[in-house]
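First the proteins, then the strands, lettered A, B, ... as listed; each starts at 1.
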Amino acid sequence: MRLGYPCINLSLSCRSSTTFRLSSFSAERFRSTVSANLQCLSETLAWNSASGVLFFRITSGLIPFASHPVNSLGWQDEFRKEFRHIGSFIRENRMRVSMHPDQFVVLNAKNEGIVERSTAELLYHSDVLDLLGTGSEAKVQIHLGGVYGDKAASIGRFTERAEALPRRVLKRLVIENDERLYSLMDCLAVHEKTGLPVVLDTLHHACNNNRESMREAILLAGKTWRRQDGPPIIDFSTQEKGRRLGTHAQTIDLRHFRTFLSQVPDPGDRGPDIMLEIKDKDRSALKALRLVMALSKTGKTSRRHP
DNA sequence: GGAAGTCAAGTCTCG
DNA sequence: CGAGACTTGACTTCC
C-alpha cells in the first residue's frame, strides 16, 4: 500500500502548475514555463521519495494550454529527455503516479465540441504518462460527467464515447464516483459495460451511495481492477466540519483514517494505493504515513508493511 | 510595491 | 436566462 497526495507540495516553494494568461501566450513563455514546471515536478518527486511517499498525482497544469489550439508547439518532442529522466526516477524508486483532468473533461456531453476538447485533453494526459515511460498502472481518473435530465441515456453516451477512445487513452482511464450525480453503483454499471476500473472516493461515497458499507464499497471497487491496472486506487478524504457536504478537510483526521484502514481488507504490500485528498497535502501525507508505519510495527494491520 | 480584478474549458442550481 | 458555486491560486493590470 502506497500513500500519496495531489499535485502540490506545500513544503517546497516551487509549483509544477505555473501558468499564464492565454493572451500572454508565446513560444518563449511556454517553453520557460514548461521547463520550470518539469524541474519542480522533479524536485517534488525527489522530496516524496526521500519521505516515503510513493504515490503522487501529477497536476493537469504541468503543460499549460497543452490541448488548446493556440499551442502548436511539439512539446512532446522538445521535452522528451526531461520526461524520460523523471520517468526513470519514478521507476527506480517504485513510485506510482496518476493524473486527474478537471471538470472540463465531460465525455458524455451532448455538444460534440465539448467531447472533442475532452478527448484532446485526455490525449494530453496520456501523453504525459507515456513520455514518462510509465505502464498502464499510471491512471487518468475522470468522473462520468453530467446527467442532462436522463441518467440512463447519459451513461449510454459515456460508454460509447469511452469505447471510441484510442487504446493508449483507454488503457489508463479509470472512473470515479462523485458526490451528487453518479454513485459507486453507477460507476460499477459502467465498468460492467466498458471494463474500466473504478476509483472509490470515500468522501463522495459517504455523500452519495446506495447503502453499501465502506468495507463493501472498497471490495466492490477493488474487484474492477485487473493485474495490468496495478493495485486499486482509493481517494480518501474527510468532510470538513461546518462546510458544504463534500468539502475536503483542511488536515487529516487520523482517527477517521485509522477507521478507514481497518476497513481495507488487505493493507500492506498488495493493498490499494491511497490518494489523500486533504488540503494541506504533503503535511497530512506524512502524518498518515507515520500512522501506517506505527500500526504495521504493532501488527495492527493485517499484513506486514515493507 | 501592493491591491484589485481576472482567468480555456462544464454542469447544476437558484433567482 | 444569467449569475454564482464548485475551489483556489496566482497571473495581470491598475494605481
Side-chain angles (χ1 to χ4, degrees), chain A residues 5-26 28-34 36-37 40-41 44 57-73 75 99-125 128 140-151 153-155 157-158 161-162 175-183 186 201 203-204 207-208 235 237-251 275-284:
Chain A
Y5 63 92
C7 305
I8 294 174
N9 182 309
L10 295 171
S11 304
L12 297 173
S13 57
C14 72
R15 297 291 177 260
S16 51
S17 57
T18 50
T19 185
F20 46 84
R21 297 290 156 81
L22 179 55
S23 58
S24 317
F25 192 96
S26 71
E28 246 332 68
R29 184 78 188 267
F30 176 76
R31 289 190 179 110
S32 61
T33 302
V34 170
N37 284 351
C40 181
L41 175 60
T44 305
R57 182 186 295 163
I58 296 174
T59 175
S60 295
L62 187 69
I63 312 292
F65 305 101
S67 71
H68 191 280
V70 75
N71 188 355
S72 57
L73 285 95
W75 57 270
M99 297 184 84
H100 191 340
D102 50 16
Q103 60 192 331
F104 310 112
V105 169
V106 184
L107 267 191
N108 72 353
K110 290 186 158 177
N111 176 330
E112 287 295 336
I114 294 170
V115 179
E116 275 170 35
R117 288 190 285 280
S118 297
T119 304
E121 189 70 358
L122 288 175
L123 280 165
Y124 150 58
H125 285 79
V128 169
V140 174
Q141 167 179 345
I142 61 171
H143 293 287
L144 293 182
V147 167
Y148 309 94
D150 185 346
K151 197 184 242 187
S154 298
I155 286 182
R157 278 197 309 282
F158 180 92
R161 266 77 176 262
I175 51 180
E176 178 193 353
N177 58 314
D178 68 71
E179 79 276 32
R180 286 179 310 139
L181 307 175
Y182 292 102
S183 65
D186 296 322
D201 182 304
L203 178 56
H204 294 166
C207 299
N208 177 21
D235 285 359
S237 185
T238 304
Q239 171 71 39
E240 176 74 12
K241 291 210 171 59
R243 301 286 305 280
R244 181 193 64 89
L245 213 60
T247 301
H248 296 308
Q250 186 59 44
T251 192
M275 179 58 62
L276 300 163
E277 295 195 314
I278 312 280
K279 293 209 176 113
D280 67 1
K281 314 270 181 187
D282 47 293
R283 285 164 210 166
S284 283

Does a nitrogen or oxygen in the side chain of A:S23 sit under 4.0 Å from OP1 or OP2 of C:dT12?
no

What does A:K279 touch in the nucleic acid at a heavy-atom separation under 4.0 angstrom: a base, only the sugar-phosphate, or nothing?
sugar-phosphate

Length of the CZ-P vector between A:R15 and C:dA10, whole Å:
6 Å

Say whether, by atom type as modelled, one donor and one acceptor occur between the side chain of A:T33 and the main chain of A:R29 under 3.5 angstrom.
yes

Taken to the nearest whole Å, CG/A:L107 to C1'/B:dG10 is 13 Å

With a non-hydrogen cut-off below 4.0 angstrom, is A:S118 in contact with a base, only sugar-phosphate, or nothing?
nothing

Applying side chain to side chain donor-acceptor pair (under 3.5 Å), run through A:D201 and A:S237 and close with a yes or a no.
CA-CA 8 Å; A:D201 182 304; A:S237 185; over 6 Å; no

Checking B:dC12, B:dA8, C:dT12 against the side chain of A:S67 (C-beta onward), the nearest is B:dA8

Whether the side chain of A:H100 engages the backbone of A:Q141 through a donor-acceptor N/O pair (distance < 3.5 Å, no angle test) should be reported.
yes

C:dT8 pairs with, by Watson-Crick or G-U criteria that keep both distances under 3.5 Å:
none

Please figure out whether A:Q103 or A:T19 has its closest DNA chain C nucleotide nearer the 5' end.
A:Q103

Options B:dG10, C:dT12, B:dA8, nucleotide nearest the side-chain atoms of A:H68:
B:dA8

Scanning all shown strands, the Watson-Crick or wobble mate of B:dT13 with both distances under 3.5 Å is C:dA3

State whether the side chain of A:N71 and the backbone N or O of A:F65 hold a donor-acceptor pair below 3.5 Å, judged by distance alone.
yes

So A:V147, base contact, sugar-phosphate only, or nothing? Heavy-atom distance under 4.0 Å.
sugar-phosphate

Under 4.0 Å between a side-chain N or O of A:T18 and OP1 or OP2 of C:dA10?
no

Using atom P in both nucleotides, what's the gap between B:dT6 and C:dA5 to the nearest angstrom?
15 Å

Write down the distance separating the P atoms in C:dA10 and B:dT11, rounded off to the nearest Å.
27 Å

Sticking with atom C1', work out how far B:dC12 lies from C:dT7, rounded to a whole angstrom.
16 Å

Interatomic distance at P, C:dT8 relative to B:dG5, whole Å
22 Å

Would you mind reading off the distance between A:R117 atom CZ and B:dA8 atom P, rounded to a whole angstrom?
14 Å

Taking atom P of C:dT8 as reference, at what distance in whole Å does atom CG of A:D280 sit?
12 Å

Going by 5.5 Å between centroids and 30° between planes, is there a stack of A:F104 over B:dG10?
no

Distance in angstrom units between A:N9 CG and C:dG9 P, rounded:
15 Å

Of the candidate nucleotides C:dC11, B:dC12, B:dG10, which contains the atom at the shortest distance from the side chain of A:R21?
C:dC11

Across the strands shown, which category fits A:Y148 at heavy-atom distances under 4.0 angstrom: base, sugar-phosphate, nothing?
sugar-phosphate

Please lay out, stage by stage, how A:S154 and A:N108 fare under the test side chain to side chain donor-acceptor pair (under 3.5 Å).
CA-CA 6 Å; A:S154 298; A:N108 72 353; 4.5 Å; no

Do the ring planes of A:W75 and A:Y124 sit parallel (below 30°), tilted (30 to 60°) or perpendicular (above 60°)?
perpendicular

Using the C1' atom as the point on both nucleotides, what is the distance between B:dC7 and C:dC6, in whole Å?
15 Å

If you measure from the P atom in B:dA8 to the same atom in C:dC11, how many Å do you get, rounded?
13 Å

Under 3.5 Å, is there a donor-acceptor pair linking the side chains of A:D102 and A:S60?
no

Atom-pair distance (CG on A:N37; C1' on C:dA10), nearest Å:
13 Å

To the nearest Å, how far apart are A:R180 CZ and B:dG10 C1'?
11 Å

Between B:dG10 (P) and A:H100 (NE2): distance, integer Å:
17 Å

